[in-house]
Amino acid sequence: MSLAQVHHISAAPGDEEAAGRFTAVGPGVSAALLAELEPLIGYALPDGASHRPADAELRSLPQAFTYAVLSDGSRVVGRTAPARGDGTAPVRFHTHAVHLPPGVPLPGDRLPVEAWRSPHWVSATPVGGGALSDPLGLLPPGPAPVREGLDDFAVSRGPWLAAVLADLHRASEEEAPAGGPVVLVERQSADVARWLGLAAVTLPRENVERLTFTTYTRRPGSSALRVVGAPPEDAAAAREAGLRVHVCADRPPVDGTADAWARTAARVWRSRAPELFEEARGLPGDPFAAGPLAVIALCSGVALGPEERAAAAGWAAERPYALDAKRTGQLVEALTSPGIDDRTGSEFDAVGRLFGALDGRCPASVTAPLAAMLVTEAVRGGNGSLELPRRDAFVGPGGEAIAGVLGPEILTELESGAGGGRPVARTVQLLRVARLLGVNGTEVLPEVVARLARTILTEADGSEGTPAFAPALLELLDEQFDVRTALLGALDRIAPEDPGAVARFLERVGLPFTGTQALPHLRMCAEAPGAMTTLGRDRSAVWHRVLRAAGLSPFAEPLVLRTAVGLVWEDRAPTVEEARLLLEAATSDAHRTAGTWARLVDAALGAPADTEDGTALAHDLLRAFPQEIGGRERAALQLLELCRDLRSGAPEPGWTEQVRTLRDRAAPLEPAIQERAFTALTERLLAPDRPGAELYAFVRSDDADLIAAYDRAARTEPTRTRLRTHPAYAADCFTNWTAHPHAGTAWTTTAAALLDEVLRPAVRGMTAEAVAEVEETVGRTGSSGRANAFRDWNRSRALGRLGRRIAGRVRRG
């Protein structure tokens, strides 16, 4: 089929009035297509070019080789080149183009870029009906014309290769990317064509055919093509227009591309192995995934970076059937090469997946290097996320050799004193690798596991949700019975010290302790969360249920008391009622061994002031734990016990001094205990049958806090009622509140206030007979002078004068 050709002459430079024109148009090219084509082939001279160039200058001007798709689906391949004009126009720009109707391929099914070196492009319109040249149909056979010199060009553009190939890939997608064309800035337009030649070899054919381009334009921002070449002077304007610009004629770029496929392709070109692209396209998977190309490159000896090697290993792990035995061996050899020193965690993870895919599918001689590489990294690199090989991967001489090298290193690290700060994942990894290699760690296991148990709880309490080390830990316990037994025993021994931490850990990580080990404390910790959910705030019921889960009586194993108390009450003190339950549930010896007696003391000391059982609990605790309770706590409990005696009416003499002494010994005293003690003492001092010596000692103590408590007790409604209804009690209070005029300031002030504000209203509310009875009782129990003082007090409001009269009459009496 003969393709229509088009010839066009552009306006001469500097001749703004002249217009370009089509000088020859083949059949089938409509005027509408010509109008659409003309803007695509317009030409503008580079900056600094002469309007009247010499022959050498003319030959050095850039040529625009263009491939475009028109609106009707047809395509155009053409070249625009400067040519010598006539006298009035020394330079003309001649375009020679070939029109391809929709659906018609290039002759020989060639790619458009392959025509850029065709020798049949002409720089003048044929005249006289001469034979038309055929720049597409007469191309030399084979790929040599387009690929000639591309290897050298790719090496020379090494710093730009990956970024440009990544953008050319994006530009060749089915939907053209937004943002305008990719701009390749080169000093020579032929170098832009070479970039397009690299793309033609690198990209799949369907992508290459979508890649419309021109090798030269002065207006990249207005171009509808996907790739354009531009001179260096237009780079800044293209950047300002927001285009993707690669200045390949300037300093190399600093930043690389994140596209792993493009980086792999760049390494293939720099290794001068473009034939690998076609091989890679024969492998399954996304053609722009890095994996297939990276596999082929590694198998061919091309050195790649860690991300590309990881992509190759990951791809092969997903498709272990896609490679034959030869390529599989080559890939393993490349991945495990001893000369590689930049491996990353993601690469090791991918290699681990590859080993898992090949293990059992390939001979052990093929997978052994992968297994050795993985365990070496696990020991020396500290990669805790590796998927470790199976144990039978290390049988035979190869396994003995790697065990001989790594075994001492594993034992040395496990024995090191720094193990207390070693992460759980690291210890678990070392123990698992030791088992894989058959390293005997029996002697160091108890100490290693003891440290591991404490580190497990520390790390679990510092993380949210399931700890990251949990899957590997459970695998370790499933693999190694001796480690599981030792670790569960260590956690069971730790549980009484911090049962809350163990319970929180077991709630997030389901340890396998359903075997024959007793593990009473672990079983209690596992039971606690469910019991709390079911029984809610009934802590006594929760305690009973948790204690039953231990399977042991607190009489036989007192430490279960400590674990149960720690689980139910954690850092809170039990209530007095709960403490009495605990005290009765076991002997004092059991509480003493478990250390839970201290929680019972906390309950007594923390009881509210209005809890009557607190004093009885204090009494019982002092008798149950006489040697254990001492210091401040003992004094506080004795003070509570004294409250009990004061309320019962049988205290030892010297109440005030006892209260003051015990208060000072118990400092800092809980406010509720002090309130209870002061209230008990002052109520006893206000009782009608209190000994006079006790009141005298109280008054003479001049203790401001105690006297203030006495004042509060005297103002309570029960005292006021008794004053109003019992003349003898009112007489007694008058005598006591006036009997110590020379006591300290605190007492005299308080007594005067009580006389005026408490006793006077009570007396005024009495009948005349009751008042007379008060006066008679005052005189009978005191003296006639005191009876006179009462009469004067009852008539007078001036407490200051009354005080002086009382004092004078007492002296005269």
Side-chain angles (χ1 to χ4, degrees), residues 306 310 343-353 371 373-389 391 402 405-437 439 441-495 497-498 500-513 522 525:
R343 293 185 177 96
T344 62
S346 60
E347 181 180 354
F348 280 110
D349 291 340
V351 170
R353 295 194 301 275
M373 171 182 164
L374 291 172
V375 296
T376 301
E377 168 62 13
V379 174
R380 295 177 177 172
N383 189 337
S385 65
L386 283 178
E387 192 71 28
L388 293 176
R391 190 173 186 179
I402 193 68
V405 173
L406 297 180
E409 297 179 26
I410 293 172
L411 292 178
T412 298
E413 185 172 349
L414 287 175
E415 289 178 299
S416 66
R422 186 168 47 237
V424 172
R426 177 61 176 166
T427 301
V428 168
Q429 189 80 310
L430 290 174
L431 290 172
R432 295 186 67 196
V433 174
R435 176 181 176 274
L436 291 177
L437 300 179
V439 178
T442 305
E443 294 184 1
V444 303
L445 187 61
E447 182 61 28
V448 170
V449 171
R451 290 196 298 258
L452 175 62
R454 295 192 178 277
T455 309
I456 281 173
L457 298 179
T458 301
E459 287 191 24
D461 254 4
S463 64
E464 294 290 336
T466 302
F469 62 75
L473 176 65
L474 293 176
E475 286 188 36
L476 170 70
L477 300 184
D478 185 56
E479 295 168 353
Q480 303 185 38
F481 178 78
D482 54 344
V483 174
R484 179 174 66 190
T485 302
L487 181 62
L488 294 177
L491 288 171
D492 193 67
R493 289 188 292 274
I494 292 173
E497 301 173 18
D498 193 356
V502 176
R504 289 189 295 273
F505 172 69
L506 292 180
E507 195 174 9
R508 294 154 64 185
V509 181
L511 292 186
F513 54 88
L522 282 189
C525 292

*Asks:* Residues two or more places apart in sequence or in another chain: which of them pass salt bridge (charged side-chain N to carboxylate O under 4.0 Å, His left out) with E447?
*Replies:*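 Result, salt bridge (charged side-chain N to carboxylate O under 4.0 Å, His left out) vs E447: R451.
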*Asks:* Would you please name every residue forming a side chain to side chain contact (heavy atoms under 4.5 Å, CB included) with P446, sequence neighbours left out?
*Replies:* none
*Asks:* Name all residues meeting the side chain to side chain contact (heavy atoms under 4.5 Å, CB included) criterion together with T458; count only those two or more places apart in sequence or in a different chain, and write none if there are none.
*Replies:* none
*Asks:* As an exercise, state the distance from CG of L436 to CD1 of I410, rounded to the nearest 0.5 Å.
*Replies:* 9.0 Å
*Asks:* Would you say the side chain of R422 lies within less than 4.5 Å of the side chain of L414, judging by non-hydrogen atoms?
*Replies:* yes
*Asks:* Starting at CG of L431, measure out to OG1 of T427 and round the result to the nearest 0.5 Å.
*Replies:* 6.5 Å
*Asks:* Taking all non-hydrogen atoms of both residues, which atom of C525 and which atom of A495 are closest, and how far apart?
*Replies:* SG-CB, 4.0 Å
*Asks:* Which atom pair, heavy atoms only, marks the closest approach of P467 to V509?
*Replies:*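 Minimum heavy-atom contact is CD-CG2, 3.6 Å.
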*Asks:* Distance check, rounded to the nearest 0.5 Å: D492 atom CG versus L487 atom CG?
*Replies:*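 Between atom CG of D492 and atom CG of L487 there are 11.0 Å.
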*Asks:* Any non-hydrogen side-chain atom of D478 less than 4.5 Å from a side-chain atom of P512?
*Replies:* no
*Asks:* Would L457 and L491 count as a side-chain contact (heavy atoms from CB on, under 4.5 Å) if you check the C-alpha gap in whole Å, the side-chain angles of each, and the deciding distance to 0.1 Å?
*Replies:* CA-CA 9 Å; L457 298 179; L491 288 171; 4.2 Å; yes
*Asks:* Could you give the distance from CG (L506) to CG (L522), rounded to the nearest 0.5 Å?
*Replies:*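 Reported to 0.5 Å precision, the distance equals 6.0 Å.
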*Asks:* On a heavy-atom basis, which atom in A378 and which in V433 lie closest, and how many Å separate them?
*Replies:* CB-CG2, 3.9 Å
*Asks:* To the nearest 0.5 angstrom, please state how far the CG atom of L474 sits from the CZ atom of R484.
*Replies:* 11.0 Å
*Asks:* Does anything in residues 456-473 pair up under salt bridge (charged side-chain N to carboxylate O under 4.0 Å, His left out), and if so which pairs, sequence neighbours excluded?
*Replies:* D461-R504
*Asks:* Measure from the side-chain N and O atoms of E413 to the backbone N and O of L430, and report whether any donor-acceptor pair falls under 3.5 Å.
*Replies:*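 Checked: no pair found.
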*Asks:* Would R432 and E475 pass as an ion pair if we require N to O under 4.0 Å?
*Replies:* yes
*Asks:* Could you go step by step and tell me if R435 and E479 meet the side-chain contact (heavy atoms from CB on, under 4.5 Å) rule?
*Replies:* CA-CA 9 Å; R435 176 181 176 274; E479 295 168 353; 4.2 Å; yes
*Asks:* So, for G441 and L411, which heavy atoms are closest and what is the spacing to 0.1 Å?
*Replies:*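 Closest heavy-atom pair between G441 and L411: CA-CD2, 4.0 Å.
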*Asks:* By side chain to side chain contact (heavy atoms under 4.5 Å, CB included), which residues pair with E409, not counting sequence neighbours?
*Replies:*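 Checked E409 against side chain to side chain contact (heavy atoms under 4.5 Å, CB included); matches are V379, R380, V405, L406.
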*Asks:* Run the numbers on F505 and I456 for side-chain contact (heavy atoms from CB on, under 4.5 Å), then give the verdict.
*Replies:* CA-CA 8 Å; F505 172 69; I456 281 173; 3.4 Å; yes
*Asks:* Restricting to salt bridge (charged side-chain N to carboxylate O under 4.0 Å, His left out), what partner residues turn up for R454, sequence neighbours left out?
*Replies:* E497
